[in-house]
Novice: 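Take a look at this one; I'll ask things after.
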Amino acid sequence: MRWVYNACMFIDEVDITFQAGNGADGRASFYPGYKSGPDGGDGGKGGDIYVRVTSDLTMLSQFRGKRVIKAEDGEKGGKFRKTGRNGKDITITLPLGSILTDGDTGEVIELNDINQKILLCRGGSGGKGTYALASPSNTTPLKSQPGIPGEKRHLTIVLKLIADYGLIGLPSAGKSSLLNTLTSANVKVADYPFTTLTPNLGVMEGKVIADIPGLIEGASSGKGLGIKFLKHIEKVNLILHCISAESENIEKDYKVVRDELGKFNPLLLQKKEIILLTKSDEATLPILKKKQKKLEKYGKVYPISILDDESIGKLKKILRTF
Ligand SMILES: Nc1nc2c(ncn2[C@@H]2O[C@H](COP(=O)(O)OP(=O)(O)OP(=O)(O)O)[C@@H](O)[C@H]2O)c(=O)[nH]1
Ligand SMILES: [Mg+2]
């Protein structure tokens with residue numbers, strides 16, 4: 001297995017062998033003396049392996065320390081025509097944007113749709129027992145069928161960042177609320193800091209938005225959740241910098257986050273950014289205007305509120321131009 005870590009130990013790439021469950025053998029047996037004929041039951045089917053797509057970006061860490069993921073084998077057929085139990089299926093969850101490459105066939109599977117579910121490896125079917133194999137021409141088959149082995153694939157899974165827009169800002173700035181409003185994401189929202197502990201994705205009109213939590217003063221030196229998630233905005237086209245209209249010192253809020261961005265990677269400061277003055281419903285119009293003006297020296301500012309459809313509509317329109 002090969003692990004590729006970036007500087008902050010986030011797993012980006014992993015090689016895993018997936019092995020669906022083997023089908024079990026059918027049973028070769030016969031009724032005891034008083035009743036003649038074969039009674040061997042069929043073998044159970046091996047478990048399938050599926051992959052499901054999620055918006056949680058950190059899911060590759062589930063493979064830490066794993067080389068092989070194997071679904072359960074089917075159970076052998078029993079006497080008295082008893083069919084063996086099927087092996088349990090396994091569903092693994094991978095983040096949106098992951099790319100799976102089959103090391104043997106070269107097939108590439110791109111996970112681009114949230115809630116997409118794909119059959120990765122089909123479990124083997126169980127063999128028939130002697131009961132099922134009996135026919136008019138062979139009323140007493142002596143042998144049962146063997147089970148079929150489950151499919152096995154060697155896959156390299158790469159997490160490809162495909163977010164188009166990155167939502168950043170101090171805790172409680174309203175990032176997740178906005179993600180939920182702009183997309184069909186359903187991320188937890190609450191009025192305390194660090195509600196979101198890992199990045200989340202949502203899709204708006206085919207564009208992917210990433211909610212990057214955890215930026216606070218000192219994040220670059222490990223405070224709060226640190227800056228480990230900032231790698232996810234290295235490739236976005238546009239940064240959506242959320243600043244709460246409730247804040248007493250919006251310029252400081254802005255600078256703190258920019259400072260941490262720059263410490264992580266100075267190139268992030270050159271990315272296109274728009275400033276979203278969030279929770280605009282919480283401020284009176286004159287105060288909102290004043291705050292907007294203060295921020296305008298740093299770039300384009302759009303007051304928005306998730307409670308104000310018009311402001312969200314405007315934001316969507318702007319996003320379409322990027
Ligand atoms: N009035 C009002 N409240 C909002 C608005 N957007 C978010 N909130 C509230 O602000 C609080 C914080 O919102 P979140 O979306 O959890 O903020 P966050 O930036 O994701 O916070 P972290 O996950 O901690 O980084 C919640 O109580 C939301 O209900 C808004 O437009 N108007
Ligand atoms: Mg959040």
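On a predicted model such as this, the values are computed, not experimentally measured, just so you know. Just so you know, ligand 1 is whichever comes first in the structure, and atom 1 is the first atom listed for that ligand.
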Novice: For atom 14 (P) of ligand 1, which protein heavy atom lies nearest, and how many Å away is it?
Specialist: S177 OG, 3.6 Å
Novice: Got a second to check how far D211's CG is from L167's CG, nearest 0.5 Å?
Specialist: 6.0 Å
Novice: Hey, is ligand 1 close enough to P171 that some N/O pair sits below 3.5 Å?
Specialist: no
Novice: Considering both backbone and side-chain atoms of G214, is one of its nitrogen or oxygen atoms within less than 3.5 Å of a nitrogen or oxygen in ligand 1?
Specialist: no
Novice: Between I306, I312, L225, which one has a non-hydrogen atom sitting closest to atom 30 (C) of ligand 1?
Specialist: I306
Novice: Ignoring waters, how many N, O or S atoms from the protein are under 2.8 Å from the Mg ion (ligand 2)?
Specialist: 2
Novice: Strictly below 4.0 Å, N to O, side chains only: are K279 and E246 in salt-bridge contact?
Specialist: yes
Novice: Looking only at distances, please establish whether an N/O atom of ligand 1 is found under 3.5 Å from an N/O atom of S176.
Specialist: yes
Novice: Polar-atom distance check: K175 versus ligand 1, any N or O pair below 3.5 Å?
Specialist: yes
Novice: Determine whether a donor-acceptor pair (N or O, by modelled atom type, separation under 3.5 Å) exists between the side chain of N200 and the backbone of T198.
Specialist: yes
Novice: Does a side-chain heavy-atom distance below 4.5 Å link N180 with V189?
Specialist: yes
Novice: For atom 23 (O) of ligand 1, what is the closest protein heavy atom, and at what distance to 0.1 Å?
Specialist: T196 OG1, 2.8 Å
Novice: Could you tell me which atoms of ligand 1, counted from 1 in the order shown, lie closer than 4.0 angstrom to a heavy atom of P193?
Specialist: 24 (O)
Novice: Please check if the side chain of D25 supplies one atom and the backbone of K76 the other of a donor-acceptor pair under 3.5 Å.
Specialist: no
Novice: I need the nearest protein heavy-atom contact for atom 29 (O) of ligand 1: residue, atom name and distance, please.
Specialist: V189 CG1, 3.6 Å
Novice: May I ask you to list the atoms of ligand 1 that are less than 4.0 angstrom from any heavy atom of D281?
Specialist: 1 (N), 2 (C), 30 (C), 31 (O), 32 (N)
Novice: Salt bridge or not between D42 and K128? Use side-chain N to carboxylate O under 4.0 Å.
Specialist: no
Novice: Do L182 and F322 belong together in a cluster built from hydrophobic side chains that touch within less than 4.5 Å?
Specialist: yes
Novice: For ligand 1, which atoms sit closer than 4.0 Å to a heavy atom of S172?
Specialist: 12 (C), 17 (O), 18 (P), 19 (O), 21 (O), 22 (P), 24 (O), 25 (O)
Novice: Within ligand 1, which atoms have a heavy atom of Y192 less than 4.0 Å away?
Specialist: 24 (O)
Novice: I need the atoms of ligand 1 closer than 4.0 Å to a non-hydrogen atom of E282, numbered in the order shown.
Specialist: 1 (N), 2 (C)
Novice: Is the NZ or CZ atom of R153 both under 6.0 Å from the centre of the six-membered ring of F18 and within 45° of that ring's axis?
Specialist: no
Novice: Is there side-chain contact between V257 and K255, with at least one heavy-atom pair below 4.5 Å?
Specialist: no
Novice: So does P149 get a backbone contact from the side chain of N22, meaning a donor-acceptor N/O pair under 3.5 Å?
Specialist: no
Novice: Could you work out, for atom 5 (C) of ligand 1, the closest of E246, K279, K188 by heavy-atom distance?
Specialist: K279
Novice: Whether the side chain of S144 engages the backbone of G129 through a donor-acceptor N/O pair (distance < 3.5 Å, no angle test) should be reported.
Specialist: no
Novice: Check each atom of ligand 1 against the heavy atoms of G174 and keep those under 4.0 Å away; list them by number with element.
Specialist: 7 (C), 13 (O), 14 (P), 15 (O), 17 (O), 18 (P), 19 (O)
Novice: Show the atoms of ligand 1 that are less than 4.0 angstrom away from any heavy atom in F194.
Specialist: 24 (O)
Novice: Output yes when a side-chain donor or acceptor of Y31 lies under 3.5 Å from a complementary backbone atom of P38, and no otherwise.
Specialist: no
Novice: So, T139 side chain and P136 main chain: donor-acceptor pair closer than 3.5 Å or not?
Specialist: no
Novice: Check this for me: does any side-chain nitrogen of one of E273 and R258 sit under 4.0 Å from a carboxylate oxygen of the other?
Specialist: yes
Novice: I need the contact type for A190 against ligand 1. Using non-hydrogen atoms and a strict under-4.0 Å cut-off, is it side chain, backbone, both or neither?
Specialist: backbone
